[in-house]
Amino acid sequence: VLKLAAATEPAWADWAAGHRDEILLDHAHCEKKAAGAAVNLIFRHPERAGFLAPLSALAREELSHFEAMLRQLERLRIPFQRQRPGPYGGRLHALVRGRERERLLDTLLCCALIEARSCERLGLLADALDDAELAAFYRSLHAAEARHHRLYVDLAGEVAPSDELRARLAELADHEAEVLAETPPLPRLHGGGMRGG
Ligand SMILES: [Fe+2]
Ligand SMILES: [Fe+2]
(Lines give C-alpha, C1' and ligand atoms only; values in the text may rest on other atoms or scores of the structure.)
(Ligands and ions follow the chains in the order given, each with its own letter.)
Protein backbone atom coordinates (compact mmCIF):
# COMPACT_ATOMS: atom_id res chain seq x y z
CA VAL A 1 0.00 0.00 0.00
CA LEU A 2 1.40 3.37 -1.02
CA LYS A 3 1.83 5.98 1.70
CA LEU A 4 0.71 9.02 -0.30
CA ALA A 5 -1.14 11.74 1.63
CA ALA A 6 -3.30 12.80 -1.33
CA ALA A 7 -4.39 11.00 -4.47
CA THR A 8 -4.05 12.54 -7.92
CA GLU A 9 -7.37 13.70 -9.34
CA PRO A 10 -8.61 11.07 -11.83
CA ALA A 11 -9.01 13.79 -14.50
CA TRP A 12 -5.23 14.25 -14.47
CA ALA A 13 -4.74 11.10 -16.56
CA ASP A 14 -6.71 12.25 -19.60
CA TRP A 15 -5.12 15.69 -19.39
CA ALA A 16 -1.65 14.13 -19.21
CA ALA A 17 -2.41 11.69 -22.04
CA GLY A 18 -3.30 14.76 -24.12
CA HIS A 19 0.29 15.96 -23.54
CA ARG A 20 1.70 12.55 -24.38
CA ASP A 21 5.03 13.54 -25.92
CA GLU A 22 6.03 15.81 -23.03
CA ILE A 23 4.95 13.24 -20.45
CA LEU A 24 6.94 10.46 -22.16
CA LEU A 25 10.06 12.61 -22.40
CA ASP A 26 9.72 13.57 -18.74
CA HIS A 27 9.19 9.94 -17.79
CA ALA A 28 12.40 8.91 -19.57
CA HIS A 29 14.23 11.55 -17.52
CA CYS A 30 12.57 10.23 -14.35
CA GLU A 31 13.91 6.72 -14.94
CA LYS A 32 17.41 8.11 -15.45
CA LYS A 33 17.12 10.19 -12.26
CA ALA A 34 15.82 7.17 -10.32
CA ALA A 35 18.93 5.21 -11.34
CA GLY A 36 21.11 8.15 -10.33
CA ALA A 37 19.46 8.44 -6.91
CA ALA A 38 20.17 4.77 -6.16
CA VAL A 39 23.80 5.07 -7.31
CA ASN A 40 24.27 8.25 -5.22
CA LEU A 41 23.17 6.40 -2.09
CA ILE A 42 25.76 3.69 -2.78
CA PHE A 43 28.48 6.33 -3.10
CA ARG A 44 27.42 8.19 0.04
CA HIS A 45 26.92 5.18 2.30
CA PRO A 46 29.52 2.51 1.49
CA GLU A 47 29.49 1.54 5.19
CA ARG A 48 25.90 0.28 4.92
CA ALA A 49 26.62 -3.20 3.60
CA GLY A 50 22.93 -4.13 3.48
CA PHE A 51 22.18 -1.26 1.11
CA LEU A 52 24.71 -1.99 -1.61
CA ALA A 53 23.31 -4.99 -3.48
CA PRO A 54 19.62 -3.92 -3.37
CA LEU A 55 20.45 -0.38 -4.52
CA SER A 56 22.73 -1.65 -7.26
CA ALA A 57 19.97 -3.97 -8.51
CA LEU A 58 17.52 -1.08 -8.30
CA ALA A 59 19.82 1.20 -10.32
CA ARG A 60 20.14 -1.48 -13.01
CA GLU A 61 16.39 -1.95 -13.16
CA GLU A 62 15.82 1.81 -13.45
CA LEU A 63 18.39 2.00 -16.26
CA SER A 64 16.58 -0.84 -18.03
CA HIS A 65 13.38 1.23 -17.70
CA PHE A 66 15.30 4.20 -19.10
CA GLU A 67 16.42 2.13 -22.09
CA ALA A 68 12.88 0.87 -22.62
CA MET A 69 11.62 4.46 -22.56
CA LEU A 70 14.27 5.44 -25.13
CA ARG A 71 12.93 2.67 -27.36
CA GLN A 72 9.35 3.94 -26.91
CA LEU A 73 10.46 7.50 -27.72
CA GLU A 74 12.20 6.27 -30.83
CA ARG A 75 9.18 4.22 -31.91
CA LEU A 76 6.95 7.29 -31.52
CA ARG A 77 9.54 9.62 -33.10
CA ILE A 78 9.89 11.80 -30.05
CA PRO A 79 13.47 13.13 -29.77
CA PHE A 80 15.18 12.68 -26.42
CA GLN A 81 16.43 16.05 -25.28
CA ARG A 82 17.55 18.04 -22.29
CA GLN A 83 14.74 19.10 -20.02
CA ARG A 84 14.60 21.92 -17.53
CA PRO A 85 13.95 20.40 -14.09
CA GLY A 86 10.51 21.03 -12.62
CA PRO A 87 10.18 22.32 -9.06
CA TYR A 88 8.96 19.04 -7.52
CA GLY A 89 12.25 17.33 -6.63
CA GLY A 90 13.92 20.41 -5.17
CA ARG A 91 10.90 21.37 -3.08
CA LEU A 92 10.35 17.85 -1.87
CA HIS A 93 13.97 17.54 -0.73
CA ALA A 94 13.86 20.94 1.01
CA LEU A 95 12.66 19.13 4.13
CA VAL A 96 15.64 16.77 4.24
CA ARG A 97 17.47 17.46 7.52
CA GLY A 98 21.20 18.08 7.80
CA ARG A 99 22.62 15.60 10.29
CA GLU A 100 23.86 12.42 8.68
CA ARG A 101 21.41 9.91 10.14
CA GLU A 102 18.39 12.17 9.61
CA ARG A 103 19.56 13.09 6.15
CA LEU A 104 19.76 9.43 5.16
CA LEU A 105 16.36 8.63 6.66
CA ASP A 106 14.70 11.61 4.95
CA THR A 107 16.40 10.92 1.63
CA LEU A 108 15.22 7.30 1.64
CA LEU A 109 11.68 8.37 2.51
CA CYS A 110 11.66 11.05 -0.21
CA CYS A 111 12.78 8.38 -2.69
CA ALA A 112 9.97 6.14 -1.40
CA LEU A 113 7.42 8.93 -1.98
CA ILE A 114 8.73 9.70 -5.47
CA GLU A 115 8.41 6.01 -6.36
CA ALA A 116 4.91 5.94 -4.88
CA ARG A 117 3.82 8.97 -6.93
CA SER A 118 5.35 7.48 -10.09
CA CYS A 119 3.56 4.23 -9.37
CA GLU A 120 0.20 5.96 -8.90
CA ARG A 121 0.52 8.10 -12.02
CA LEU A 122 1.89 5.37 -14.29
CA GLY A 123 -1.14 3.30 -13.32
CA LEU A 124 -3.46 6.21 -14.21
CA LEU A 125 -1.64 6.71 -17.52
CA ALA A 126 -1.84 3.01 -18.37
CA ASP A 127 -5.62 3.34 -18.37
CA ALA A 128 -5.69 6.66 -20.23
CA LEU A 129 -3.19 6.09 -23.06
CA ASP A 130 -4.74 4.86 -26.30
CA ASP A 131 -1.48 3.29 -27.51
CA ALA A 132 -1.82 -0.39 -26.54
CA GLU A 133 1.93 -1.09 -26.43
CA LEU A 134 2.56 1.89 -24.20
CA ALA A 135 -0.38 1.06 -21.93
CA ALA A 136 0.87 -2.51 -21.44
CA PHE A 137 4.38 -1.28 -20.71
CA TYR A 138 3.07 1.23 -18.17
CA ARG A 139 1.07 -1.49 -16.45
CA SER A 140 4.27 -3.49 -15.98
CA LEU A 141 6.10 -0.42 -14.66
CA HIS A 142 3.30 0.31 -12.21
CA ALA A 143 4.07 -2.96 -10.38
CA ALA A 144 7.83 -2.30 -10.44
CA GLU A 145 7.48 1.18 -8.94
CA ALA A 146 5.32 -0.19 -6.11
CA ARG A 147 8.12 -2.65 -5.36
CA HIS A 148 10.67 0.21 -5.39
CA HIS A 149 8.52 2.18 -2.95
CA ARG A 150 8.59 -0.79 -0.55
CA LEU A 151 12.34 -1.26 -0.95
CA TYR A 152 13.03 2.33 0.11
CA VAL A 153 10.70 2.05 3.10
CA ASP A 154 12.46 -1.21 4.06
CA LEU A 155 15.89 0.43 3.80
CA ALA A 156 14.64 3.33 5.94
CA GLY A 157 13.69 0.66 8.48
CA GLU A 158 17.40 -0.09 8.91
CA VAL A 159 18.03 3.53 9.83
CA ALA A 160 15.17 4.30 12.21
CA PRO A 161 12.80 2.36 14.48
CA SER A 162 9.31 1.86 13.09
CA ASP A 163 7.59 4.55 15.21
CA GLU A 164 10.01 7.21 14.08
CA LEU A 165 9.88 5.96 10.48
CA ARG A 166 6.08 6.04 10.35
CA ALA A 167 5.87 9.51 11.88
CA ARG A 168 8.47 10.97 9.54
CA LEU A 169 6.99 9.25 6.49
CA ALA A 170 3.59 10.78 7.33
CA GLU A 171 5.15 14.27 7.66
CA LEU A 172 7.02 13.96 4.39
CA ALA A 173 3.95 12.53 2.63
CA ASP A 174 1.94 15.60 3.72
CA HIS A 175 4.74 17.79 2.42
CA GLU A 176 4.85 15.88 -0.89
CA ALA A 177 1.11 16.41 -1.40
CA GLU A 178 1.50 20.14 -0.63
CA VAL A 179 4.40 20.46 -3.07
CA LEU A 180 2.30 18.87 -5.82
CA ALA A 181 -0.67 21.11 -5.00
CA GLU A 182 1.58 24.18 -5.30
CA THR A 183 3.44 23.01 -8.41
CA PRO A 184 2.41 24.77 -11.61
CA PRO A 185 0.42 22.71 -14.11
CA LEU A 186 3.27 21.12 -15.99
CA PRO A 187 2.79 18.01 -18.11
CA ARG A 188 5.22 16.04 -15.97
CA LEU A 189 4.96 12.77 -14.14
CA HIS A 190 5.51 14.79 -10.95
CA GLY A 191 3.89 17.98 -12.16
CA GLY A 192 0.95 19.88 -10.75
CA GLY A 193 -2.68 19.90 -11.82
CA MET A 194 -4.56 20.62 -14.99
CA ARG A 195 -5.45 24.32 -14.85
CA GLY A 196 -4.80 26.11 -18.09
CA GLY A 197 -3.75 22.87 -19.76
FE1 LIG B 1 11.48 2.85 -12.95
FE1 LIG C 1 11.38 3.13 -9.61
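Start at 1 and go down the list; that is how both ligands and their atoms are numbered.
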Under 2.8 Å from the Fe ion (ligand 1), which protein N, O or S atoms are there? Could you list them by chain and number?
Glu31 OE1, Glu62 OE1, His65 ND1, Glu145 OE2
State plainly whether the residues Arg147 and Glu61 are in salt-bridge range, i.e. N to O under 4.0 Å.
yes
State yes or no: are the ring centers of His29 and Phe66 separated by less than 6.0 Å?
no
Have Glu120 and His142 got a donor and an acceptor in their side chains that come within less than 3.5 Å?
no
Pairing donors with acceptors under 3.5 angstrom, does anything connect the side chains of His27 and Glu31?
yes
Could you give the side-chain donor-acceptor pairs of residues 123-133 under 3.5 Å, partners two or more places apart or in another chain?
unit_1	atom_1	unit_2	atom_2	d
Asp127	OD1	Arg139	NH2	3.3
Asp131	OD1	Arg75	NH2	3.1
Asp131	OD1	Glu133	N	3.1
Asp131	OD1	Leu134	N	3.0
Asp131	OD2	Arg75	NH1	3.3
Asp131	OD2	Arg75	NH2	3.2
Glu133	OE2	Gln72	NE2	3.3
Glu133	OE2	Arg75	NE	3.3

Counting only heavy atoms from other residues, nucleotides and ligands, does the tally under 6.0 Å from CZ of Arg101 exceed 12?
yes
